[in-house]
Amino acid sequence: MANTFYNEILIDHNQNPYHKHALPDANMTLEGVNPSCGDDIILQLKVEDGVIRDGSFEGDGCAISQASADIMLDMIVGKPVEEAKRLSALFLKMIRGGCTPDEIEELEEAGALSDISHMPARVKCAVLGWHTMEEMLAGRSQRATTEKM
Amino acid sequence: MTNPFRADFPLLKELDIAFLDSAATSQRPVSVIEAEKHYYERYNANPLRGFYDLAQEATQRYEEAREAVRAFLNAAGAEEIIFTRNTTESINLVAYSWALSHLRPGDEMLITISEHHSNILPWQMAAERTGAKLRYVFCREDGSYDPADVENAFTDKVRLAAAGYVSNVTGQLGPVRQMTELVHRNGGVMLVDAAQAAPHMPLDVQLMDADFLAFSGHKLLAPMGIGVLYGKKALLSDMPPFLRGGEMIDSVRQQDATFAELPHCFEAGTVNGAGAEGLRAAIGYLNGAGFEQVEALELALTEQALSGLSALPHVRVIGGKTAGEHHGILAFLVEGVHPHDVSAILNDDRVAVRAGHHCAQPLHTYLGIRSSTRASIAFYNTPEDIARFLESVSSIRRKMGLG
């Protein structure tokens with residue numbers, strides 16, 4: 001696993017995050033933090049008629065937290081809210097090491113993070129974006145923190 | 001391998017690891033590990049209680065450890081040495097006991113911006129509860145302190161000053177002597193956080209005229225869970241207990257109690273006898289090695305690491321330009337790579353460093369940095385450890401796709 005963990009998919013999303021910018025017409029905004037390591041993102045979504053029309057994130061964090069948030073937005077933009085929730089549950093299941101190869105396949109590029117299940121120190125980095133989205137879609141307005149997952 | 005001490009550290013023999021996180025916790029020599037074990041095999045009874053021989057021996061070992069700490073710090077008396085769990089508990093003891101009983105609204109506490117959270121949060125608590133104000137003196141960009149800034153930060157309302165002897169981020173010396181002198185002019189007290197200094201240089205509490213000084217055993221080759229608070233007897237005698245309970249009393253009635261003499265009135269509950277035994281062995285080990293040799297080895301390794309890092313493009317070391325200013329602590333940034341990723345890549349190359357804000361968030365914020373990676377050196381490290389570290393750091397940007 002050594003050194004190969006930072007694979008091309010992660011490096012590319014970290015270097016060139018497509019969704020890292022402000023979203024002026026967003027109608028949902030929530031901050032998410034990893035208190036133990038200081039990762040801090042602001043997730044913004046534009047949701048209309050139960051569909052995620054657009055999304056973005058801003059903030060500061062390690063390559064894993066940044067790439068994971070960018071990959072997530074790639075996957076959920078254009079999808080119904082219920083589908084985003086389903087993918088998020090699947091992602092968390094993968095991070096906990098409980099996904100079948102078929103399920104990992106379904107997570108597309110997010111499957112590049114499956115090795116995180118063997119790296120307890122980085123789990124919170126990987127789930128920050130996803131957890132923030134879940135909290136947001138559940139209607140919570142308080143800053144999301146991975147400490148209370 | 002030329003380092004004469006390395007072989008004494010079982011973990012470093014067992015594992016192929018360049019351990020550069022000694023500022024977080026040190027490794028332990030076999031003599032310390034054996035001393036703690038031997039305590040349980042040979043002396044174990046509850047110290048300061050039983051009247052049977054074994055309990056007396058346990059008490060005697062415990063008090064001999066206190067005497068070893070007294071000599072280590074050159075304190076005037078052993079009753080000025082209080083065993084705690086760690087530096088954090090030592091500072092909290094002073095905040096809850098001294099500060100809450102002595103500070104009033106309008107008084108000021110002055111600390112430096114370089115402090116570890118354990119030398120900030122207790123004073124925030126004291127400020128909240130007493131109405132005293134918590135103020136800061138700010139460092140230069142390299143983490144050092146301008147005496148004029150220290151002088152200007154003092155008012156005649158400062159009743160307590162506190163500073164780290166060595167910063168756990170920049171490695172710079174804090175303005176301990178100057179703050180001590182200035183706070184004493186006001187009739188106030190000075191607390192020195194020696195957590196990062198005690199393992200690396202000789203300290204003399206009488207010479208520095210500190211009123212309180214705290215350090216942790218676990219950063220000084222000793223077991224986790226044993227720490228020290230030194231306090232001047234005249235001050236400690238005038239302070240209410242911090243924790244209350246077993247074996248810190250003189251007599252207890254239904255509604256009130258009188259308390260034991262120093263230092264036992266500050267050591268409520270069963271003490272860490274084996275930890276004290278380990279700390280005594282750790283001090284013995286350091287005395288045997290000699291601070292002169294410890295300092296020389298650490299300086300040479302720091303020079304190697306600092307010049308290696310300085311030669312790398314896109315790497316910036318936080319703090320002074322010379323190795324002598326760092327005291328074995330090198331926090332650094334790799335441009336374009338988050339410190340957690342730096343630390344993860346170093347880990348893949350079996351190099352252990354810390355990443356984050358190192359419990360000094362206000363300093364990072366003041367310096368305009370969110371977080372950093374920190375390598376910290378001890379005398380049991382080798383030039384090979386440093387070479388492995390530098391080799392790995394030099395590969396990071398390439399591995400992260402930054403060429």
Side-chain angles (χ1 to χ4, degrees), chain A residues 1-18 20 31-42 57-71 95 109 112-129 143 145-147, chain B residues 15-18 21 24 117 121 169 314 318 331-374 388-389 391-403:
Chain A
M1 180 171 74
N3 290 343
T4 57
F5 177 71
Y6 288 95
N7 53 45
E8 271 176 40
I9 295 173
L10 287 190
I11 285 175
D12 188 49
H13 277 280
N14 179 50
Q15 287 291 100
N16 310 298
Y18 183 74
K20 192 167 181 177
E31 183 181 11
V33 292
N34 281 330
S36 55
C37 65
D39 292 342
D40 188 346
I41 65 164
I42 297 201
F57 76 104
E58 291 179 280
D60 176 85
C62 65
I64 294 171
S65 71
Q66 303 292 292
S68 184
D70 200 52
I71 292 170
I95 294 299
E109 283 195 326
L113 287 155
S114 64
D115 275 346
I116 292 283
S117 59
H118 311 297
M119 303 167 71
R122 306 307 293 275
V123 162
K124 286 179 177 176
C125 313
V127 304
L128 178 62
R143 192 162 86 151
T145 161
T146 53
E147 210 73 336
Chain B
L15 303 179
D16 173 27
I17 185 174
D21 197 20
H117 294 166
L121 272 65
V169 178
H314 309 292
I318 300 164
F332 63 97
L333 302 166
V334 180
E335 194 190 320
V337 186
H338 193 280
H340 292 142
D341 299 313
V342 172
S343 139
I345 290 168
L346 288 170
N347 176 59
D348 285 342
D349 290 330
R350 305 202 57 73
V351 179
V353 297
R354 178 144 175 204
H357 48 58
H358 322 307
C359 302
Q361 226 172 350
L363 176 64
H364 276 79
T365 306
Y366 178 68
L367 294 174
I369 304 163
R370 285 189 67 98
S371 58
S372 61
T373 310
R374 181 186 72 189
R388 188 193 292 190
F389 162 70
E391 174 71 29
S392 184
V393 173
S394 72
S395 76
I396 288 170
R397 282 183 43 100
R398 182 170 36 81
K399 285 174 182 161
M400 293 302 287
L402 290 159

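Lettering follows sequence order; numbering is per chain, from 1.
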Close approach to chain B in residues 8-16 of chain A, criterion heavy atom under 4.5 Å
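Only I11(A), N14(A), Q15(A) of residues 8-16 of chain A have a heavy atom under 4.5 Å from chain B.
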Measure the spacing between CG of D341(B) and OH of Y6(A) and express it to the nearest 0.5 Å.
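OH of Y6(A) is found 3.5 Å from CG of D341(B).
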Residues 331-340 of chain B side chain polar contacts: donor-acceptor under 3.5 Å, at least two apart:
| residue | atom | partner | partner atom | Å |
| --- | --- | --- | --- | --- |
| E335(B) | OE1 | H314(B) | ND1 | 3.2 |
| H338(B) | ND1 | H340(B) | N | 3.1 |

So which residue, D39(A), D60(A), I64(A), D40(A), ends up with the most heavy-atom pairs under 4.5 Å with chain B?
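The candidate making the most pairs under 4.5 Å is D60(A).
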